[in-house]
Amino acid sequence: MFQGTNYRLQDRFPVSDEEGLLGTLNTASAEAETRLVDLSLSGAALVIDQPHLLRQGGELNLGLRWHDRPVGITPVEPVHIREVGMGDSRSHVVGMRFQSTSEPFLQELCTFILHTHSQTPDRPRFVTETAAFNRLTDPKRIAGMFAYCVKNRVPLRLFELSGQPLGKVEVLGVKGVPPAEQALTCRIHLLGPGSARPGTHYYLVLQTLTSLYLMLCPFLEQNSEQGLFGIPGEVLEGGFRRLGRVWLDEHFPVTLEFVHPQIPGRFIRKVAREAGLGGMSFLLKVEEDLLVKGSVIPTAVIRLPDGHSLPVQCVVRHTLRENDGQFFGGIEFLDFAGNGRQIWVEELLKQMNPEVKQATPFTLDDVWEILDRSGYLAEKPAEQMKDLKMPFFDTWGRLLSERSGGRCWLFGIEDRPLATICVSRIYSDTWLIHQLACDMDRFTGPGSKLILPNLMVPRTAFQWIPGVHPRGEVLVYLDAAKPFNRWAWFDVLEANIGHPGLTLQTMSLASLPVDSLPDIQVCQDIWVRDAKQAELAQISEDLLQRDGAHLHKAFDYAAGSLNLDCMVDGLDHNVIGRKRRILVAGHGEHDSHVGYALLESGNKGVNVFALYETCRVVVQTDLPPTAQDMVRDALFLHIADHYRKLKIPSFLWLTGPGDCPPPDIPDMFMAQAVRGLFSVELIPRIITYLNNIWVHR
């Protein structure tokens, strides 16, 4: 009887009896009252007790009334029907598609949806779709949060334990002696009549741009103007925002222009109130814009003040009704044309953190100066420095121009560069972050050493990667001998230990100078050769069993990508120059191997940080210890010869889960370090953590 039985109403909003929306289904000869189940801009689901009306033929019309005020009448077409209930209480739910909608009908429909299904500032958001609460118990961090509220006059929202909003709490100060006798001196602003009851616990909620904090606090006492809340011993942190955002003003005006998706010919131009790497928000004019949550805008244009026009596809993700009655819409960018996403992300990062300058091919002198002043290159001979500088400028100049393989940022004071943070693609879906600083003695005072890492890390690389590449992994090498690395990274990674998206490995990170290694020799009974194509699958499976799926995917250990032929994906292969050679070792006349080595190298210019030449050796653990040593030593000698022929002065020896330890070569391994690998999905947590350290101390 009905066509399109697979039709599913889009952007549906449930309709309750309390909302006062009623419907009347009209045919040429009869009409019947109906109850609405849900509603969208394209149709509605109705409960009807007289399904025979649908079989009478002719045009069907649906009339809607909202609190006895006519919304309008529009022709509808039934697209599906199902029976609900049992016995005498049976009824039918019918899905109706609007065949055509007049503009007045659409205006009334949008008005109803916005007024009944928009968020309000006082609606509790204790848990969001992306939230997984962290438990904060550090008294200093908790006290720092309240100091932040006092200093910046940030109000806390007050809720009953049931989630019912009561009002706002203005924190005036902290009273008493820590830790047990401390309390918050507050001024309470209630939404309605009544008062907070001493001896009762309430929820206090702090909402920031990056996360949400929920705390259960006892209300201790109240006088005529002020009240006292006890400071909790635990705060729940959640609601992490995936990408950062910035409030916009006349200095950086951004507009979104599009034709209304349901009213051809209606041109809409919205001025962004705030913008993020993943979307923006703007003021909604209810009767003019006719947009509700779920409205897809297939073709729009972002216009930037510098003249860039970025075609984009977007969707309205939420609508917000403020206390003054104004409505705001928040949209998410679904897709950009061409390199529009990179342009948008980089322009917005300039507004988020103007102290950090993106390096260009014309400012690489400053990057090189930091490399030199940091002491990072101090141990390299002068002739190596000459050989390194020109490839560095050439490689990074192309990387910064292409927008796809890497980025570098500079931080300075009074136009004097003090630090860099560089990102380059090291595997097909994994990014390497490297950070350097110099003149750290200029940062004095308690907690000042935390300011620079926070400025450099969360608002640049940590925003650029998910903004441009929303998936993948981030790789960080931490040399324990460098204090700046510990300040910037180690606490962050340590705070997320246990999360499935994070892997930490302790390893030896000091370089092995090739010139100090012995020349290649012949080991009796041990042969070494390049791996055959047929052996890659076996090696790949062995690495999967040792490392697990997370490391296996991040480091391109799959059989089809083990030799790094996958390093394309819009990236100039010659810029990064990533290569991996696989050696296998065995003994006797049998061709089966009992150990293998993964030798990696990269373009000299991008490898100025000495993190691209790495080597990993795996030896079967079921061999006798003497045989293991022989296999490892034989591989080691071929490894030295490999790097010597490439004129690579040094390389890093890496150890993975279950690998044999490196050979005992005196004075070679001078420093222990940590390699951290974490999913891009962890970036919101890391940004929040770093922001808290910076702001709350």
Side-chain angles (χ1 to χ4, degrees), residues 503 505-549 551-552 555-559 561-564 579-601 613-646 648 650-673 675:
T503 302
Q505 295 175 314
T506 302
M507 64 185 68
S508 297
L509 194 61
S511 297
L512 288 178
V514 173
D515 290 341
S516 65
L517 301 177
D519 292 333
I520 189 169
Q521 302 172 12
V522 178
C523 284
Q524 186 178 5
D525 297 328
I526 302 296
W527 50 260
V528 177
R529 58 167 171 77
D530 287 298
K532 299 177 182 179
Q533 188 68 30
E535 294 171 317
L536 298 183
Q538 179 184 350
I539 295 173
S540 173
E541 181 62 28
D542 182 65
L543 289 168
L544 177 61
Q545 297 302 319
R546 290 173 177 273
D547 299 352
L551 292 176
H552 194 266
F555 295 137
D556 280 326
Y557 284 159
S561 58
L562 196 56
N563 53 12
L564 291 187
K579 296 179 181 178
R580 182 187 281 153
R581 183 184 179 189
I582 305 165
L583 297 176
V584 296
H587 63 88
E589 297 180 357
H590 300 288
D591 201 33
S592 60
H593 65 265
V594 293
Y596 56 89
L598 307 176
L599 291 72
E600 300 187 10
S601 60
E613 268 75 54
T614 61
C615 179
R616 178 179 178 183
V617 171
V618 179
V619 180
Q620 287 186 6
T621 56
D622 56 356
L623 295 176
T626 303
Q628 290 186 33
D629 291 341
M630 292 175 62
V631 172
R632 185 175 52 242
D633 292 346
L635 284 168
F636 186 81
L637 293 173
H638 282 76
I639 292 166
D641 184 66
H642 167 80
Y643 286 117
R644 187 177 289 114
K645 288 179 177 178
L646 290 178
I648 292 174
S650 61
F651 64 94
L652 300 177
W653 188 290
L654 303 183
T655 54
D659 292 357
C660 292
D664 184 15
I665 303 179
D667 301 326
M668 291 298 179
F669 295 90
M670 297 168 288
Q672 286 297 111
R675 180 170 68 174

request  = Start with the C-alpha gap between Val617 and Val619, add the side-chain angles, then the distance that decides, and say whether side chain to side chain contact (heavy atoms under 4.5 Å, CB included) holds.
outcome  = CA-CA 7 Å; Val617 171; Val619 180; 4.0 Å; yes
key: Exercise: identify the closest heavy-atom pair between Ala537 and Ala559   =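 So the two residues come closest at CA-CB, 3.8 Å.
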key: Non-hydrogen atoms of Cys615 and Ile639 that approach each other most closely   =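 Looks like SG-CD1, 3.2 Å.
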query = So, do Val618 and Arg616 sit near enough that their side-chain heavy atoms are less than 4.5 Å apart?
reply =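 Answer yes - side chains close enough.
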key: Residues which pass side chain to side chain contact (heavy atoms under 4.5 Å, CB included) with Gln538, listed by chain and number, not counting sequence neighbours   =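 Side chain to side chain contact (heavy atoms under 4.5 Å, CB included) list for Gln538, sorted by chain: His593.
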task = Please list, chain by chain and in numerical order, all residues satisfying side chain to side chain contact (heavy atoms under 4.5 Å, CB included) with Ala531, sequence neighbours excluded.
result =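 With neighbours one apart ignored, the set is Glu535, Leu536, Ile539, Ile582, Val584.
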Rounded distance [0.5 Å steps], [atom1] in [X] versus [atom2] in [Y]:
{"X": "Tyr557", "Y": "Leu564", "atom1": "OH", "atom2": "CG", "result": "9.5 Å"}
{"X": "Leu598", "Y": "Asn563", "atom1": "CG", "atom2": "CG", "result": "11.5 Å"}
{"X": "Leu635", "Y": "Leu583", "atom1": "CG", "atom2": "CG", "result": "6.5 Å"}
{"X": "Asp641", "Y": "Phe636", "atom1": "CG", "atom2": "CZ", "result": "12.0 Å"}

ask   = Would Tyr596 and Leu543 satisfy side chain to side chain contact (heavy atoms under 4.5 Å, CB included), going step by step from the backbone distance to the final call?
value = CA-CA 11 Å; Tyr596 56 89; Leu543 289 168; 3.4 Å; yes
task = Assess whether side chain to side chain contact (heavy atoms under 4.5 Å, CB included) is satisfied between Leu599 and Arg580, documenting all intermediate values.
result = CA-CA 5 Å; Leu599 291 72; Arg580 182 187 281 153; over 6 Å; no
ask   = Does His552 reach the main-chain N or O of Ser540 with its side chain, forming a donor-acceptor pair under 3.5 Å?
value =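 Judged by distance alone, yes, a pair lies under 3.5 Å.
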ask   = Hey, is the main chain of Ser601 close enough, under 3.5 Å, to the side chain of Arg581 for a donor-acceptor pair?
value =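 No: the side chain of Arg581 does not pair with the backbone of Ser601.
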task = For the pair Gln628 and Val631, evaluate side chain to side chain contact (heavy atoms under 4.5 Å, CB included) and give the outcome as yes or no after the intermediate values.
result = CA-CA 5 Å; Gln628 290 186 33; Val631 172; 6.0 Å; no
